[in-house]
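Heads up: the structure comes next, in structure tokens.
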Amino acid sequence: MTRIRVRLDALRDRSYTVEIRPGILAEVPLLLSRSEGKRRMFVITDSNVTRYYGRALNSKLAAAGCEVTVLDVPAGERSKGSPTVNFLYTKVFRGGIRRDSLIIALGGGVIGDLAGYIAATVLRGVRLVQIPTTLLAQVDSSVGGKVGIDHPAGKNLIGAFHQPSAVYIDPEALLTLPPDEFRNGFAEVIKIAAALDAPFFANIERNAQRIRRENTALNAKILETAVALKASVVEKDERETGLRRVLNLGHTIGHALESSGGFALKHGQAVAIGMAVEARISRELGLLGASDCQRLTAMLEAADLPVTPPRSINERAFMSAIALDKKSDVSGTRFVLLRRIGECAPGVPVPADLIRKTMGLVSKKSTHG
Ligand code: ADP
Ligand code: ZN
């Protein structure tokens, strides 16, 4: 079993443990009944995950003597908005939630963000346990305390920092995950490796042929390394004022592709294309060598992820989405670029023409001179 400690704040200790182990999902009821037994518990999950894992968790928690209510919302990004938030507020108030109650997020990134947002806001904040069941949520969104919901103006525009009090990661939960969702999450694994750790990147390169959801032992190892890297970044920069920005590698282009394309692309696909394009930008700016640029693209392709933007892209919508990026400030949009595999160059301004060129939005001819 692997325990990773996320150490935060000397003043008011909000440190927590991330436990990663195949089969841990079956033990969570006992662990929670021991550590949180007297608290009223609300499990927030979605319509798919409840069938696979929610019902079993509910009955085991009840059998362990916990007072628990399961609330499920329709699967999918559409649940990450204010109608669902209001529905959940009503349910938890009717269920008698108090300041010492516990919210358990059981599901993918959508559920982690949504249930986390409820936990951050209801009664000015109650405790949160994250049980991520998609690779994306296990490797990225369940650790670090970013919670939030979407607004018609854009994804994740409303939110808070609300750290969990524990995270339980079961690599066996990936066995039921649709393969497409597994690939989607693997984009974030590649991101963490490319942004932070060259040996880890070399390791996933070597194992490229063995990457799939059924490979529980390999996935457990990958999760241990990736989560430890993410935890160390979060410890140093909880509120994303500096270092944590490197985790946005691929996301400036990726988010703009998602929002300008009406969210037809999955997040991981958009981030994969974003990393490939941002590697080309890094190369054009003389930051990144040709061979590292090629390695990143090859790794994404080996994980069955796209590396070129869809042809249908609307240039105007895309370029205005870039300008509206959450990371923009008075001086414009700043990119996280790459210096080499494992090392980022954050905060680099990129000329609009270079974005168009590396996105293939203008023909090669017209960019001469
Ligand atoms: P993400 O984690 O990529 O943000 P979601 O939370 O929307 O995305 O989860 C993606 C899809 O996978 C949803 O339809 C969800 O119900 C489903 N899902 C989540 N975890 C599992 C699992 N372990 N097994 C099967 N399906 C799952
Ligand atoms: Zn992401």
Side-chain angles (χ1 to χ4, degrees), residues 22-26 28 43-57 72-81 84 105-117 130-144 146-150 155-156 159 168-195 213-214 216 219 223 226 230 233 240 244-259 263 265-275 278 300 305 325-327 336:
I24 198 168
L25 207 56
V28 164
V43 176
I44 297 179
T45 186
D46 76 22
S47 45
N48 295 326
V49 179
T50 199
R51 282 189 288 122
Y52 288 112
Y53 306 108
R55 286 178 197 154
L57 180 67
D72 59 89
V73 302
E77 186 77 23
R78 274 206 209 131
S79 282
K80 236 179 90 174
T84 313
L106 175 71
V110 167
I111 289 301
D113 285 5
L114 173 69
Y117 183 73
Q130 291 273 12
I131 310 179
T133 61
T134 63
L135 180 57
L136 184 135
Q138 293 187 338
V139 79
D140 201 25
S141 57
S142 65
V143 175
K146 278 194 192 176
V147 299
I149 57 168
D150 303 334
K155 265 181 78 172
N156 294 327
Y168 298 105
I169 297 180
D170 190 341
E172 280 179 4
L174 302 177
L175 293 172
T176 55
L177 193 65
D180 206 27
E181 297 292 347
F182 181 83
R183 285 192 281 277
N184 187 46
F186 211 83
E188 302 283 6
V189 173
I190 296 173
K191 174 199 77 177
I192 290 176
R213 61 177 191 174
E214 288 81 6
T216 300
N219 293 337
L223 281 163
K230 168 120 197 214
V233 169
E240 197 172 310
R244 190 165 176 178
R245 291 191 188 139
V246 302
L247 295 174
N248 290 317
L249 180 67
H251 282 62
T252 306
I253 295 286
H255 281 153
L257 276 170
E258 280 180 274
S259 64
F263 298 97
L265 281 174
K266 279 190 176 303
H267 179 71
Q269 294 175 318
V271 169
I273 298 167
M275 281 191 278
E278 290 175 15
L300 292 164
L305 287 159
D325 190 90
K326 270 213 289 307
K327 297 171 290 299
V336 176

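Note that ligands are numbered from 1 as they come in the structure, with each ligand's atoms numbered from 1 the same way.
Residue P74 comes nearest to S79 through the heavy atom pair O-OG, 2.7 Å, listed as atom of the first residue, atom of the second, then distance. Across P179 and R213, no two heavy atoms sit closer than the pair CD-NH1, 3.9 Å.
Closest approach between the Zn ion (ligand 2) and any N/O/S atom of E188 involves OE2.
In terms of the salt bridge (charged side-chain N to carboxylate O under 4.0 Å, His left out) criterion, E214 has no residue partners (sequence neighbours excluded). Listed by chain and residue number, A75 satisfy the side-chain contact (heavy atoms from CB on, under 4.5 Å) test with S47 (two or more places apart in sequence, or in another chain). Applying the salt bridge (charged side-chain N to carboxylate O under 4.0 Å, His left out) criterion to D170, with sequence neighbours excluded, gives no partner residue.
Around the Zn ion (ligand 2), the two atoms NE2 of H251 and NE2 of H267 are separated by an angle of 100°, to 10 degrees.
Of the residues I273, V271, T252, the one that meets the side-chain contact (heavy atoms from CB on, under 4.5 Å) test with E278 is T252.
Contact check for E188 versus K230: no side-chain heavy atoms found under the 4.5 Å cut-off.
The Zn ion (ligand 2) has no N, O or S atom of D140 under 2.8 Å away, backbone or side chain.
The residues lining ligand 1, counting any heavy atom closer than 4.0 Å, are D46, N48, V49, Y52, Y53, A75, G108, G109, V110, T133, T134, L136, A173, T176, L177, P178, E181, N184.
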